[in-house]
2 protein chains.
Amino acid sequence: MANIHDVARVAGVSISTVSYALSGKRPIGEKTRLRIDQAVRELDYMPNAAGRMLAGTRTRIFALTAPLRSDTSTPAHMAFVLAVATAARKYDYDVLLLTEDEATDGLRRVSSSRLVDGIIVLDVSLNDERADLVRSLGVPAALIGVPGNAEGLVCVDLDFEAAAALAVDRLVDAGHTSLALLGHPQAVYERGSNFPMRFRDGFLRRASERGVPARFSMVENDAPQVREALFGVLDADPAPTGLVVHAEEGVHKAILEAVAGRGLSIPGDLSVIAGVPTFDTSTFTPPLDVIPLVPADSCTRAVELAVQQLDATVEPRVELVAPKYRDHGSVAAPRRRL
Amino acid sequence: MANIHDVARVAGVSISTVSYALSGKRPIGEKTRLRIDQAVRELDYMPNAAGRMLAGTRTRIFALTAPLRSDTSTPAHMAFVLAVATAARKYDYDVLLLTEDEATDGLRRVSSSRLVDGIIVLDVSLNDERADLVRSLGVPAALIGVPGNAEGLVCVDLDFEAAAALAVDRLVDAGHTSLALLGHPQAVYERGSNFPMRFRDGFLRRASERGVPARFSMVENDAPQVREALFGVLDADPAPTGLVVHAEEGVHKAILEAVAGRGLSIPGDLSVIAGVPTFDTSTFTPPLDVIPLVPADSCTRAVELAVQQLDATVEPRVELVAPKYRDHGSVAAPRRRL
DNA sequence: CGCGTCTATCGAAACGTTTCGACTACGGGC
DNA sequence: GCCCGTAGTCGAAACGTTTCGATAGACGCG
C-alpha cells in the first residue's frame, strides 16, 4: 500500500509538498500539482487514517450513542441512526456506533483515547446518565432530545409542544369543539424519553387555551386494545370529532381499521391528525394529515453543531426545530350536531 | 491529557517499560509494575488510539455495512446492527457504521485508508455489489447472509431451508396432511435478500418429500389484505390444518386476529408455527411455536471469523447456523375430519 | 572463575502524517 | 538599487505508540 513518501518520490517532490498539494493549505505550482495528482492516481494513494489522526488533531470520527436494546428498538430509532450517519458524512465524518450496554463506559473510552472528535447522543431520556457524562467529559457533543438537566449542553429536538399545539389549532380552526389524543402505551410515559409527555402537555395546554374540551388516553400496541381505547374515547361526552394520534405505525393502522369498522368516515365523521411520526401516513387508507418528525432535520443540525464545536466554542442551548403541517385531507369541518 | 511519557516519568521508568507493563508482552518486575499501575491511575492515563493504530498494525475497528434506508428498515435490521456491535466489543473492537448510499465508496475509503481492520457485511442480497467489492479488496471480512456468488468469501447465515424443513417436519409429525406458508410481500421476493426464497424453497421441498400437499402465498403488510390472503389459503382444498408464517410482526398479529375472528382456535383447529422472526412470539395471544432467527448467533460467529482472519488465513466458506425449535403450544394433532 | 541463561529494563527506530520555519526567486514600489 | 511581499518548495520536528535489539545484573554450573 502506497504512502506519502512513495507519492513524493514518484512526483519528484518532498512529502510536505504532497501534503500541501492534497490539503490545499499552501499554494502549489500548476505543473507540480499535476505531477502529484498523476502519482496519486498511479499509486492509488489514500492517506493513512492513523497517521493523519496522530499528526492532525482530528480523527474525523464521531461517536454515536444510541440506547438500542433489541427489545425496544423501533424503526424510528434506526431512522435517527441513519440520519446522523448521513449528516456526518457531509462533513467528512464517520460514525462509531456505541450501544446501550456500553453507553457510559464506551463514551469514556473513545473520548479519552481520543478516538473520536465528538459525540452525538440519541434518544435522550429525562434522567439520562449520558447527559451528565458528556457534561463532565467536556468533549464536543450534541444531544438529540432534551434531558431533564440540559445545563451546559447543546441539544436539538423537534418542538413537540408546538407540534401538538399546531394540531390542536388546526382542528379548532376547522370548527371542532371536542378533541382527543390517543398516545403511546403507558410504559413509554413512565420510563425514559420525555417527548411523549411534551406532546401530551402541548396538546392539553393548547386545547385549554382555546377553550375546547380535550381528553388524553394511552393505548397499548395491540389491535383489540387499540379498538377498545378508541371506542372509549369516542363514546365520551361531548364526543370528540377531532382526533390526534401519537403512536406507532401499527396503532395508526389499527385505529383506521377500527374507525372504518364502526362505519365512521374520515374526515366526514372524524378528523384525524397523525402526531410526529417518522413513517409515511400518506399511503394509509385514508391518508392522514401529519406533523412529521423528520429525523434528518434534528440530526443534521446536531451534527452541524458538533462540527462547530471543533474549532469554536458554541454556547450551550436547547434548539427546538419548528414543526410543519402536511395536509392529506383527513381534517374537515365537523358534521353538524343533530 | 496524559501520555505514555508522563506515565513513564511519574513511575520513573522508560516508556517501553510502560508499554510492556500494560500489554503484558514482556515480563515486568513486581514493584515496577505496581509503580506503573499507580502512575496510570494517578494520571488517568489511557493510550492514544491514533498512536496505537499507527505503531501497532491494528486499528481495533471493524466497518459495518448495512444497506439501511429509512424506508426499508425494520426492527430486525436494528437487531443485527446491535448484535454485531455487541459481538465486536467482546473482542475489544469498535464498529464504524457505513450506510447504504456510501456502501461501496465507504468500504473502499475506510479499508484503503486503513481505518478499519475488517468488514462485516449485513443483509446481503443475491446480487450484492458489496460482495464483489469485498472480494477484490482482499480485506478480512465476513458476510451475514449469502450472496449469489459466494466464491472466496466467508459467509454466515441461518440455515433457512433447514428451518423451513424443520417446521414442515413438526407439522407432519403431528399428523397434519395439508400445509400452507404465508410469506412476505411480493416485493421482498423480487428485490434483494434471498432468505425468503430459501425459506420458501425449503418449505415446499420438504413438504413434497414428506408427500404432503402445501401451498405458498405472499402477503402484503396490511391487515385487510392479510385476512384476505389467510382466508384464501384456508379455503383451499384440501384445507390446510398446519400453517407456517414467515412475515413481519404486524402480519403475525393480523393473522392471529383474523383466525380468532373466524372462530378458529389455535391449536385446536389450526396449528401455527412462526418462521424465523427476530421478535418474540411467546407474548402473542396465543403464543406461537417458533423457529427464531437469533441475530446474535450469526453475528457473533461472523465477528469471530473476521477476528480470526486478522492473523491467520480463514478458508472461504458458507457457514449455515442450525435452526432451533421452540415450543409454545401452538401445534397439536389436527382435529379429525368429519 | 568464567560462561551461558534468565529476567528486567532501556534506547531507538518505525509507523505516516501535518505543519512550522526557512529558503529561493521574482516582481513592484520607492 | 534596495526593501518587501508573495508564490513555491523543502527539511525537520512533532504526534504517541509498539517493538526490536541491546545491556546489565543475578544465578547456577562445571
Side-chain angles (χ1 to χ4, degrees), chain A residues 1-37 39-40 43-61 92 109-117 310-311, chain B residues 1-37 39-40 43-61 92 109-117 310-311:
Chain A
M1 191 131 289
N3 64 19
I4 200 172
H5 291 93
D6 299 326
V7 175
R9 186 163 19 77
V10 170
V13 295
S14 74
I15 63 161
S16 54
T17 303
V18 175
S19 179
Y20 285 122
L22 295 180
S23 71
K25 294 194 179 178
R26 281 195 187 176
I28 294 292
E30 177 68 7
K31 49 192 171 45
T32 310
R33 185 184 17 257
L34 288 176
R35 281 211 316 283
I36 291 175
D37 287 353
V40 164
L43 297 170
D44 198 20
Y45 168 70
M46 179 149 259
N48 176 290
R52 220 168 188 182
M53 287 185 199
L54 191 53
T57 39
R58 296 290 154 74
T59 67
R60 309 220 73 98
I61 301 178
D92 207 29
R109 179 170 53 81
V110 298
S111 76
S112 62
S113 72
R114 297 232 108 87
L115 176 53
V116 303
D117 290 341
L310 298 176
D311 34 35
Chain B
M1 191 131 288
N3 63 22
I4 199 173
H5 291 93
D6 299 326
V7 175
R9 186 163 21 78
V10 169
V13 297
S14 74
I15 64 162
S16 54
T17 303
V18 174
S19 179
Y20 285 122
L22 295 180
S23 70
K25 294 194 180 177
R26 282 195 188 175
I28 295 292
E30 176 67 6
K31 51 193 170 48
T32 310
R33 185 183 17 258
L34 288 178
R35 280 210 317 282
I36 291 175
D37 287 351
V40 164
L43 297 170
D44 198 19
Y45 169 69
M46 178 150 262
N48 176 290
R52 214 165 194 185
M53 288 185 197
L54 191 53
T57 40
R58 297 289 157 73
T59 67
R60 309 220 73 97
I61 301 179
D92 207 28
R109 179 170 53 80
V110 298
S111 75
S112 63
S113 72
R114 297 233 108 87
L115 177 53
V116 303
D117 290 341
L310 297 176
D311 34 34

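Throughout, a chain's letter reflects where its sequence line sits, starting with A, and its residues are numbered from 1.
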Any residue meeting side chain to side chain contact (heavy atoms under 4.5 Å, CB included) with B/Ala55, in chain and number order, not counting sequence neighbours: none

OP1 or OP2 of D/dG11 sitting under 4.0 Å from any side-chain N/O of A/Ser16? no

For the residue pair B/Val18 and B/Val13, establish whether any side-chain heavy-atom pair is separated by less than 4.5 Å. yes

I'd like to know if the side chain of B/Arg58 reaches the main chain of B/Leu310, judged simply by a donor and an acceptor atom lying under 3.5 Å from each other, with no hydrogens or angles considered. yes

Considering heavy-atom distances to DNA chain C, does A/Tyr20 or A/Ala55 have its closest nucleotide positioned more toward the 5' end? A/Ala55

At a heavy-atom distance below 4.0 Å, which nucleotide of DNA chain C is the first touched by chain A, and which is the last? C/dG16 to C/dA22

Under 4.0 Å, counting only non-hydrogen atoms across every strand here, what does B/Thr57 touch: a base, just sugar-phosphate, or nothing? nothing

Are side-chain N/O atoms of B/Ser14 and B/Thr17 paired as donor and acceptor at under 3.5 Å? yes

Are any of the side-chain heavy atoms of A/Met53 and B/Leu115 separated by less than 4.5 Å? yes

Of B/Lys25 and A/Leu54, the one whose closest nucleotide on DNA chain D sits nearer the 5' end is A/Leu54

What contact category does A/Pro27 fall into here, base, sugar-phosphate, or nothing, at under 4.0 angstrom with non-hydrogen atoms? base

Per nearest nucleotide of DNA chain D, the residue lying toward the 5' end, A/Glu30 or B/Arg52, is A/Glu30

Is any side-chain heavy atom of A/Ile36 closer than 4.5 Å to one of A/Arg33? no

Which part of the nucleic acid does B/Thr32 contact within heavy-atom distance under 4.0 Å: base, sugar-phosphate only, or nothing? sugar-phosphate

Axis deviation across the helix from C/dC1-D/dG30 to C/dC30-D/dG1, five-pair ends, to the nearest 10°: 50°

Within the structure provided, determine whether B/Asn48 and A/Leu54 are in side-chain contact (heavy-atom separation under 4.5 Å). yes

Are the side chains of A/Ile61 and A/Val110 in touch, meaning some heavy atoms are under 4.5 Å apart? no

